[in-house]
Participant: 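The structure is given below, and queries will be raised subsequently.
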Amino acid sequence: MAIVGALALTATACGGSGDSGSDGGDGAKAANDPGSVSGTVTWWDTSDATNEAPAFKKLVSAFEAKYPKIKVDYVNVPFDQAQQKFKTAAATGKGAPDVLRSDVGWTPGFAQLGYLKDLTGTPALDKPDDFLDGPLKNAAYQDKTYGVPQVTDTLGLLYNKELFQKAGIDKPPADWKAVKDAAQKIKEKTGAEGIGLSPDSYYSLPFLYGENSDMVDPDRKQITIADAASLKGIETAVDLVKSGAAPKPAGTDGYNALKTDFKNGKLAMLIDGPWATKEIFGGDAYKSRDNLGIAPVPAGSTGTAGAPVGGHNLVVYAGSKNFDASYLFTRFMTEAAQQEAVSKEIGVLPTRKSAYTNDVLADPVRKSFHDALGKAHPRPRIPQGGDLFTDWLQHYTKILTLKEQPREGLDATAKAWQSALLKDYGIAK
């Protein structure tokens, strides 16, 4: 597939850039005469169709008003389908978008396969020094920048202040043991469930980081998902479920079910990110926004607390037929003014330093997550990073729903990674 993709990219890239009149992707026209650039840009937006996409659609309309010769073909692609869908389209050279909203974990893999345009020095990557260091690093692969950071995020402990007060708890728990104690007390005093644990594998990371472990160690070329520290972290999550501190999540759509219970006051705590807050504030329990508390994710037995750095980049397909228009669109969508507007509307975190204005930081939710970013844990920047969650998702869901033992699921995940993704890695125990 990679060979087919390379041939397809060579054919499309040599075909010029359609209506833009570009000279192969250096962006000269976009840089020197942007008003003359014309044509169509197809954008695959992977944001949540209900809570996030409307804000980005507004920016699309603003872009088209600024550049009336450019039309944006907007397509909202479900996040859980987008990675494979883009790979297939790019590999065959048929149907790939000009611009994709790519998870930071996908970007290195797409770049390695040759599916992305190097944006270093192009008009798309405007004022790179203005980007936060973590998001900009997450857009790079082998010293080249293949994406422009659009939003960033991390996880925190969201909690219902009213339920805490009713249970006589005066501060959020700082470690998982305290979470267990608080959850059981809240259930006894209020009848509400304690903490919601999403069965999505991304949400397992704080349990690994809390034991000073991770999914992989690229420096040592070791798969660490099944080592003793990772096992201890996952057993901590399982104990929360077995003890009743956390309700057993639904295997299908478990994340959304927990979020619904949290926003309606049936659940006291939830591990989640800033993207969830708009929906949460629409719930009965948060008609007063002050009722939502946000604290760092709890620490593990090592005393370490860590949440992953996430987010999305805008990337340009290497086989695009309209590089100039794609660069202008990418630049516009990631400018500070647009980032500030979207942040204030739906609560996502900007990637540009200059977008953290007083208005953005005046909101306690955005301020809390902005502060949490300073202590967030970077994810491994390897081409296979985005694919690791696929096998792990199957097993983590079974583990958290008590259908598989932690050791069994971790070992199976490690072996699957070594067999298909990380053949030159060893498995740490």
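When a residue number appears, it is its place in the shown sequence, counting from 1. All values derive from a computational prediction rather than experimental measurement.
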Participant: Answer yes or no: is there a side-chain heavy-atom contact under 4.5 Å between Val41 and Tyr67?
Facilitator: no
Participant: Roughly how far, to the nearest 0.5 Å, is NZ of Lys87 from CG of Leu113?
Facilitator: 6.5 Å
Participant: Kindly compute the distance separating CD (Glu193) from CZ (Phe262), expressed to the nearest 0.5 Å.
Facilitator: 13.5 Å
Participant: Measure the CG-CD distance between Leu59 and Gln339 for me, rounded to the nearest 0.5 Å.
Facilitator: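 With rounding to 0.5 Å, CG (Leu59) is 10.0 Å from CD (Gln339).
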Participant: Would you call Asp48 and Lys278 a salt bridge, taking side-chain N to carboxylate O under 4.0 Å as the test?
Facilitator: no
Participant: Does atom NZ of Lys266 have more than 12 heavy-atom neighbours from other groups under 6.0 Å away?
Facilitator: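 At most 12 heavy atoms, drawn from other residues, nucleotides or ligands, come within 6.0 Å of this atom.
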Participant: Once side-chain contact (heavy atoms from CB on, under 4.5 Å) is applied, do any residues pair with Lys69, and if so which ones, sequence neighbours excluded?
Facilitator: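 With sequence neighbours excluded, Lys69 shows a side-chain contact (heavy atoms from CB on, under 4.5 Å) to Ser38, given in chain and number order.
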Participant: Would you sort out whether Leu208 and Ile225 count as a side chain to side chain contact (heavy atoms under 4.5 Å, CB included), showing the intermediate values?
Facilitator: CA-CA 8 Å; Leu208 303 183; Ile225 190 69; 3.8 Å; yes
Participant: Show your working on side chain to side chain contact (heavy atoms under 4.5 Å, CB included) between Thr152 and Val309 and close with a plain yes or no.
Facilitator: CA-CA 7 Å; Thr152 188; Val309 177; 4.0 Å; yes
Participant: Side chains of Thr88 and Gln84: donor-acceptor distance under 3.5 Å anywhere?
Facilitator: yes
Participant: About how many Å separate CG of Asp181 and CD1 of Ile169, when rounded to the nearest 0.5 Å?
Facilitator: 9.0 Å
Participant: With side chain to side chain contact (heavy atoms under 4.5 Å, CB included) as the criterion, how do Leu205 and His377 come out once you've worked through the C-alpha distance, each side chain's angles and the decisive distance to 0.1 Å?
Facilitator: CA-CA 9 Å; Leu205 295 179; His377 195 290; over 6 Å; no
Participant: Drop me the distance from Ser213's OG to Asp227's CG, to the nearest 0.5 angstrom.
Facilitator: 4.0 Å
Participant: Would you call Lys263 and Asp272 a salt bridge, using N to O less than 4.0 angstrom?
Facilitator: no
Participant: Run Asp239 and Lys180 through salt bridge (Lys or Arg N to Asp or Glu O under 4.0 Å) and show every step you take.
Facilitator: CA-CA 9 Å; Asp239 179 64; Lys180 181 178 178 179; 2.9 Å; yes
Participant: Heavy atoms, side chains only, cut-off 4.5 Å: are Ile271 and Ile195 in contact?
Facilitator: yes
Participant: In terms of ring plane angle, is the pair Phe164 and Tyr159 parallel, tilted or perpendicular, where the classes change at 30° and 60°?
Facilitator: tilted
Participant: Could you pull out every donor-acceptor pair under 3.5 Å between side chains of residues 411-424 and any protein atom, sequence neighbours left out?
Facilitator:
from	atom 1	to	atom 2	distance (Å)
Asp411	OD1	Arg407	NH1	2.9
Asp411	OD1	Lys429	NZ	2.7
Thr413	OG1	Gly409	O	2.8
Trp417	NE1	Leu388	O	3.1
Gln418	NE2	Tyr425	O	2.9
Asp424	OD2	Lys221	NZ	3.2

Participant: Do Asn212 and Thr304 have a side chain donor and acceptor closer than 3.5 Å?
Facilitator: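 Per modelled atom types, Asn212 and Thr304 side chains form a pair under 3.5 Å.
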Participant: Using distance alone, with no hydrogens and no angle criterion, decide if Glu211 and Ser301 have a side-chain donor and acceptor under 3.5 Å apart.
Facilitator: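 The criterion, which ignores hydrogens and geometry beyond distance, is satisfied for Ser301 and Glu211.
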Participant: Flag the pair Glu408 and Lys398 as a salt bridge only when some basic side-chain nitrogen lies within less than 4.0 angstrom of an acidic carboxylate oxygen.
Facilitator: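 Between Lys398 and Glu408 there is no salt bridge, as every charged N stays at least 4.0 Å from the carboxylate O atoms.
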Participant: Please say whether the positively charged group of Lys66, taken as NZ for Lys or CZ for Arg, lies over the ring of Phe332, i.e. under 6.0 angstrom from the six-membered ring centre and within 45 degrees of the axis.
Facilitator: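 No cation-pi geometry.
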Participant: For Lys344, is the NZ atom crowded, meaning more than 12 foreign heavy atoms sit under 6.0 Å from it?
Facilitator: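 Atom NZ in Lys344 is packed in, count exceeds 12.
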Participant: Answer yes or no: is there a donor N or O on one side and an acceptor on the other, between the side chain of Asp284 and the main chain of Asn264, under 3.5 Å?
Facilitator: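 Between the backbone of Asn264 and the side chain of Asp284 there is no qualifying donor-acceptor contact (under 3.5 Å).
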Participant: Could you check whether Thr224 and Asp217, counting side-chain N and O atoms only, form a donor-acceptor pair closer than 3.5 Å?
Facilitator: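 The answer is no; no qualifying pair exists.
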Participant: Report the C-alpha separation of Arg101 and Leu314 in whole Å, then their side-chain angles, then the decisive distance to 0.1 Å, and conclude whether the side chain to side chain contact (heavy atoms under 4.5 Å, CB included) test is met.
Facilitator: CA-CA 5 Å; Arg101 185 179 189 259; Leu314 292 190; 4.0 Å; yes
Participant: Less than 6.0 angstrom separating the ring centers of Phe79 and Trp106, yes or no?
Facilitator: yes
Participant: Let me have the donor-acceptor pairs involving side chains of residues 131-148, under 3.5 Å, with sequence neighbours excluded, atom names and distances please.
Facilitator:
from	atom 1	to	atom 2	distance (Å)
Asp133	OD2	Lys137	NZ	3.2

Participant: Write down the atom of Asp214, the atom of Pro378, and the distance for their closest heavy-atom approach.
Facilitator: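 Scanning both residues completely, I find the closest heavy atoms to be OD2-O, 4.4 Å.
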Participant: Atom CG of Leu119 and atom CZ of Arg331: how far apart are they, to the nearest 0.5 Å?
Facilitator: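 If we round to the nearest 0.5 Å, Leu119:CG and Arg331:CZ are 12.5 Å apart.
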Participant: For Gln405, I'd like to know if atom CD has over 12 heavy atoms of other residues, nucleotides or ligands within 6.0 Å.
Facilitator: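 Not buried by this count: 12 neighbours or fewer within 6.0 Å.
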Participant: Walk me through whether Asp363 and Arg289 qualify under salt bridge (Lys or Arg N to Asp or Glu O under 4.0 Å).
Facilitator: CA-CA 10 Å; Asp363 179 77; Arg289 292 169 65 100; 3.1 Å; yes
Participant: Report the relative orientation of the aromatic rings in Tyr115 and Phe110; use parallel for angles under 30°, tilted for 30 to 60°, perpendicular for over 60°.
Facilitator: tilted
Participant: Is the closest side-chain donor-acceptor distance between Thr357 and Asp359 under 3.5 Å?
Facilitator: no
Participant: Do the non-hydrogen side-chain atoms of Ile294 and Pro364 ever get within less than 4.5 Å of each other?
Facilitator: no
Participant: Would you mind telling me which of Trp43, Trp44, Phe56, Phe329 makes a ring-ring contact (aromatic ring centres under 6.0 Å, His included) with Tyr74?
Facilitator: Trp43
